[in-house]
Amino acid sequence: MDPKPPLRSLTGIKPTGMPHLGNYLGMIRPAIQLTEDCEAFYFIADLHALTTQHDRQALKEHTIQVAATWLALGLDPTRTLLFRQSDVPEVTELCWYLSCVTPLGLLQRAHAFKDAVAKGREITSGTFFYPVLMAADILAYDSDVVPVGKDQKQHVEMTRDMAIAFNFHFGDTLKVPEPRIGEEVATIPGLDGEKMSKSRGNAIPLFLDPKSLKKLVLSIRTDSTPLEAPKDPESCTVFNLFRLLASPEATAELAERYRLGGFGYGHAKLALFDLLEQHFAEARDRFRRHMDHPADVEDVLDAGGRRAREVAVRTVSRVRDAVGL
RNA sequence: AGGGGCAUAGCUCAGUUGGCAGAGCAGCUGAUUCCAAAUCAGCAGGUCGUGGGUUCGAGUCCCUCUGCCCCUGCCA
């Protein structure tokens, strides 16, 4: 056994409502996997959500839904901290200290900001400051690694810039984190074959009731190859979703049926539906139980928040001392 | 900084002299299909950017604020 303490990894999860299959395969499953050998801090980024979410009821509901989802999918809150970003006010304090060593130009170069400007979106100061708050999240917990998709890599690099700038001005105080870019997960196709995303409206939500789920799976777009004809599995969305969850054996078997012909897309869809049920039915029951007892979920978040805050308080007191407060 | 234009359904836009808020596309339901698509039938969809004012009555007229676009100026 390695005597070194486990690395601390940190991830923020935006509370955008019930997560979908693409979220699960792309982020949730690998993140839960990571808790096996890392000390994981996973927070629900409610402060970040506030840049776009101005519906208080929706924010509350989404927060509980996201927490319930992670718990249902196997996150163990006794060994992984699951908490609300907003339960650690030290983060916003640290955000200020960081902003005072962050050049304006650094924020102006942020991809997300430039993209919003280019698209003519209404943009608030909070959106502009997003990367500083994110840096504060990462640095407040002395995170070692930050598992992110490549779209988030720039934010982690900005965090490093801010930490290095702070350390230059005030002495070695903040731990400079490493981005850990997850190995390229194949893009998850949605109902229409395009990349699955909530905004495209082509997502398959996790924990949908069986009847709705079946209907949704049957609506996956397929070509008009007739029932009898052989079909190419590689170009079929149904097959590509199936293989992401199925064993290699089951995948090979399904591919074979495609190539033989006489096997329709409708049949393939039912196979995918069965696979989804097999995979998520139990988690769905757990999710439902959590949603029926939101107070218990709140307790988990509260407890996680207290433990996370202890860490952040120590960091911020170190930072206050460093800047001369 | 000054002048002008724009803001209406998820999207693109109509909306007459101030008089019951509309269309196309997207969406949803059904028929059809192994399933989907296409087609057909049906349904739903709105703080008319914000806040005030005039009026019996405001999407429409007046003022405020916010955001976007254009022109001019200023700074470099």
Side-chain angles (χ1 to χ4, degrees), chain A residues 14-23 49-59 61-62 103-105 107-130 187-246 250-251 253-280:
Chain A
K14 235 178 159 177
T16 50
M18 194 192 289
H20 56 71
L21 188 61
N23 298 141
L50 231 32
T51 59
T52 52
Q53 175 64 266
H54 295 159
D55 178 336
R56 67 190 300 276
Q57 198 56 39
L59 184 61
E61 280 172 15
H62 292 171
L104 188 61
L107 299 185
Q108 287 171 329
R109 265 176 264 131
H111 295 144
F113 172 69
K114 288 201 295 188
D115 186 58
V117 171
K119 286 180 179 160
R121 294 232 174 84
E122 288 193 20
I123 183 161
T124 63
S125 310
T127 305
F128 183 64
F129 243 63
Y130 196 105
T187 50
I188 317 295
L191 299 175
D192 57 2
E194 303 294 313
K195 181 181 195 285
M196 186 182 292
S197 78
K198 193 171 184 183
S199 58
R200 280 175 209 263
N202 65 355
I204 299 174
L206 297 172
F207 312 146
L208 211 52
D209 65 279
K211 195 178 168 207
S212 306
L213 179 63
K214 181 184 265 185
K215 182 162 186 162
L216 207 57
V217 169
L218 287 174
S219 79
I220 291 171
R221 187 161 186 169
T222 51
D223 62 42
S224 50
T225 310
L227 177 62
E228 304 74 26
K231 297 170 186 64
D232 173 29
E234 301 295 328
S235 63
C236 176
T237 303
V238 181
F239 179 79
N240 285 320
L241 285 172
F242 186 91
R243 79 200 311 185
L244 289 166
L245 287 170
T251 303
E253 188 191 331
L254 187 69
E256 189 56 24
R257 292 172 123 189
Y258 267 72
R259 295 196 187 91
L260 284 174
F263 180 75
Y265 289 119
H267 304 121
K269 287 172 183 181
L270 290 176
L272 175 60
F273 167 71
D274 287 341
L275 183 66
L276 286 168
E277 276 296 294
Q278 183 189 320
H279 232 265
F280 294 111

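Within every chain, numbering begins at 1; the chains are lettered A, B, ... in the order of the sequence lines, protein sequences first and strands thereafter.
Rounded to an integer number of Å, the gap from A/R200 CZ to B/A26 C1' is 15 Å. Taking atom CG of A/L254 as the reference point, atom C1' of B/C35 lies 14 Å away to the nearest angstrom. Taking atom NE2 of A/H267 as the reference point, atom P of B/A36 lies 13 Å away to the nearest angstrom. Distance, A/L191 CG to B/C35 P: 17 Å, rounded to whole Å. In this structure, CG of A/L218 is placed 6 Å from P of B/A36, rounded to the nearest angstrom. At whole-Å resolution of the value, CG in A/L272 and P in B/C35 are 16 Å apart. Summarising the geometry, the separation between CZ on A/F263 and P on B/C34 is reported as 15 Å, rounded to the nearest angstrom. Separating the CG atom of A/N202 from the P atom of B/A26 is a distance of 16 Å, rounded to the nearest angstrom.
Partners of A/S212 according to the side chain to side chain contact (heavy atoms under 4.5 Å, CB included) rule, which considers only residues two or more places apart in sequence or in another chain, are A/L208, A/D209. Among residues two or more places apart in sequence or in another chain, the salt bridge (charged side-chain N to carboxylate O under 4.0 Å, His left out) test is passed with A/E234 by A/R243.
Taking the P atoms as reference points, B/U54 lies 33 Å from B/G45, given to the whole Å. Taking atom P in both B/C25 and B/C61, the straight-line distance is 30 Å, to the nearest Å. Here, B/A41 and B/C63 have their P atoms 48 Å apart, quoted to the whole Å. When the P atom is used for both B/G19 and B/C75, the distance is 49 Å, rounded to whole Å. Across the P atoms, B/G3 and B/A44 are found 47 Å apart, a figure rounded to whole Å. Nucleotides B/A7 and B/G51 have their C1' atoms positioned 16 Å apart, rounded to a whole Å. One P atom belongs to B/C35, the other to B/U47, and the distance between them is 38 Å to the nearest Å. For the P atoms, the distance from B/U16 to B/C62 is 14 Å, rounded to whole Å.
Between A/K215 and B/G30, a side-chain N or O to OP1/OP2 separation shorter than 4.0 Å is present.
The minimum heavy-atom distance between A/K14 and A/A49, with the atom names listed, is CE-CA, 4.2 Å.
Using a 4.5 Å heavy-atom cutoff, the side chains of A/T237 and A/R221 are not in contact. Between A/L241 and A/L275, every side-chain heavy-atom pair lies at or beyond the 4.5 Å cut-off.
Among the atoms of the strands shown, none is found under 4.0 Å from any heavy atom of A/K214. No engagement by A/T124 is indicated, since no non-hydrogen atom pair under 4.0 Å with the nucleic acid exists. In this structure, A/S224 reaches the bases: a heavy-atom distance under 4.0 Å links it to at least one base atom across the strands shown.
The aromatic rings of A/Y258 and A/Y265 lie perpendicular to each other, with more than 60° between the two planes, well past the 30° mark.
Atom NZ of A/K198 sits in a crowded spot, with more than 12 heavy atoms from other residues, nucleotides or ligands closer than 6.0 Å.
Here A/R257 contributes atom CZ and A/K231 contributes atom NZ; the two are 12.0 Å apart, rounded to the nearest 0.5 Å.
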Nucleotide pairing, RNA chain B (Watson-Crick or G-U, distances under 3.5 Å), in dot-bracket with [ ] and |: (((((((..((((.....[..)))).(((((.......))))).....(.(((..]....))).))))))))....
